[in-house]
Amino acid sequence: MYEPQFRCRKNGAPILSHDEIDTDVEMFIRDFKPELLKKPGETDIEGFVEFYLGLTPEYNNLTHCGLILGRMVFNDNNKIPIYDPEMKRAEYIFARRGTVMIDNTLLEDEHRFRSTMGHEAGHWIYQQSYFYKDPFQMNLFSNMENTSTACRRFDIEGGEYNESGRKSLVSDHDWLEHQAKYFSAAILMPRAAMKIICGDEELRRRFQEEFPGYEEEMLASYVADVFNVSVASAKIRIRQLGYGFEETVVPASAIFTIGYPSKVFSL
C-alpha cells in the first residue's frame with residue numbers, strides 16, 4: 001500500500017499543499033485501481049476505505065438531528081457518542097481504532113455518503129500523528145474525546161469563505177477539516193482524470209457554443225455524472241484545478257500551514 005510522506009508541526013498537524021494531496025491521491029489510485037487515471041469513472045470509495053485502507057465502516061445515528069455526518073476513530077475508545085432513537089437519548093458505545101462511523105441519514109444520500117467516506121479516509125491517511133494517543137502513555141484521566149473526529153455537514157460541504165473570498169482557516173480544526181475535504185474531492189475526482197475531461201477542448205467548445213453563459217454548469221453536470229458526485233462538488237473541483245471558463249492557468253499550490261492566513265489558497 002502506498003504511504004505518503006509529509007511534514008508535520010510539533011503538535012502532529014500535517015503541513016500539506018493541494019498539489020501534494022493530488023499527487024498522493026494519484027499514487028493511491030495507481031495502486032488501487034489504475035485504470036481510473038486513464039479512463040475517468042466512479043471511484044469505489046467503499047472498497048478503497050474498507051479493503052485498501054483496511055478500515056471498518058460502521059453505521060449509526062451519530063446525533064439526533066444529523067449534524068455530525070462522520071467520525072474517524074484513532075484509538076480504541078469506549079466513549080464514542082451516538083443517539084438512541086428508541087430511548088431518545090445520547091449514549092456512549094465502544095469503537096475500535098480504524099472504525100469509520102457514518103451517520104445513518106447518509107444511507108439515503110449517495111453523493112453525501114461518498115464525500116463523507118472520502119473525507120474520513122483523508123483524516124486517517126494524514127492526521128494520525130495529530131489524533132492518535134499512545135496507550136502506554138495514557139492514564140485514567142486522559143481525554144479520549146480528542147482521539148476521534150466529529151465531522152459536521154459544515155466541515156464536509158464547505159462554508160469556510162470570508163468576506164474577501166478567501167478561505168478563513170485559522171484553528172487546527174479548520175485546517176484538518178480542509179485537508180480531509182480536499183482529499184475527498186481528489187479521491188473522488190482524481191486530477192489526471194479531471195484533466196482528460198475538463199481539458200478536452202472540443203468538449204469545452206461545444207458547451208460554450210451550445211450553452212453560452214451556462215458552460216461551466218454544463219461541464220459540472222457532466223463531471224458529476226462521470227464520477228458520481230454532486231454537481232456542487234464537481235463545480236468546486238473544476239475551479240480548484242483551474243478548469244473554470246474564466247481561468248486559463250492552473251493556480252499555484254499553497255502550503256497548508258496553520259495560523260498564517262496570508263498563505264491560504266483561494267478557491
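Heavy atoms only: backbone and side chains are in, while hydrogens, waters and symmetry mates are out.
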Heavy-atom side-chain contact between [X] and [Y] under 4.5 Å:
{"X": "Tyr83", "Y": "Thr63", "answer": "no"}
{"X": "Asp84", "Y": "Asn61", "answer": "no"}
{"X": "Leu176", "Y": "Gln179", "answer": "yes"}
{"X": "Arg206", "Y": "Met218", "answer": "no"}
{"X": "Met101", "Y": "Ser148", "answer": "no"}
{"X": "Asp44", "Y": "Lys33", "answer": "no"}
{"X": "Trp124", "Y": "Phe74", "answer": "yes"}
{"X": "Asp155", "Y": "Lys181", "answer": "no"}

Report yes or no: do [X] and [Y] form a side-chain donor-acceptor pair below 3.5 Å?
{"X": "Arg71", "Y": "Thr99", "value": "no"}
{"X": "Glu120", "Y": "Thr149", "value": "yes"}
{"X": "Tyr2", "Y": "Asp24", "value": "yes"}
{"X": "Asp19", "Y": "Ser17", "value": "no"}

Note to self: With a 4.0 Å cut-off on N to O distance, would you call Glu177 and Arg152 a salt bridge?
What the structure shows: no
Notebook entry, point to check: Is it the case that more than 12 heavy atoms not belonging to Glu91 sit under 6.0 Å from its CD atom?
Noted result: yes
Check: Do other residues, nucleotides or ligands put more than 12 heavy atoms under 6.0 Å from the CZ atom of Phe94?
Finding: yes
Check: Which class fits the ring pair His178 and Tyr182: parallel under 30°, tilted 30 to 60°, perpendicular over 60°?
Finding: tilted
Would you say the side-chain atoms of [X] pair up with the backbone N or O of [Y], donor to acceptor, closer than 3.5 Å?
{"X": "Asn77", "Y": "Ala95", "answer": "no"}
{"X": "Ser221", "Y": "Glu217", "answer": "no"}
{"X": "Arg114", "Y": "Thr43", "answer": "yes"}

Rounded distance (nearest 0.5 Å) linking atom [atom1] of [X] with atom [atom2] of [Y]:
{"X": "Tyr52", "Y": "Asp31", "atom1": "OH", "atom2": "CG", "value": "3.5 Å"}
{"X": "Asn228", "Y": "His111", "atom1": "CG", "atom2": "NE2", "value": "4.0 Å"}
{"X": "Cys198", "Y": "Arg204", "atom1": "SG", "atom2": "CZ", "value": "7.0 Å"}

Next item on the list: Check the pair Thr23 / Arg191 against side-chain hydrogen bond (donor to acceptor under 3.5 Å, both in side chains), numbers first and verdict last.
Entry: CA-CA 8 Å; Thr23 299; Arg191 179 174 58 184; 3.1 Å; yes
Check: Are Phe48 and Phe28 an aromatic pair by the rule of ring centers under 6.0 Å?
Finding: yes
Notebook entry, point to check: Taking all atoms of both residues into account, what is the closest heavy-atom pair of Tyr92 and Asn78, and its distance?
Noted result: CB-O, 3.7 Å
Margin query: Ignoring hydrogens, what is the shortest heavy-atom contact between Ala13 and Tyr130? Give both atom names and the distance.
Written below: N-CD1, 3.7 Å
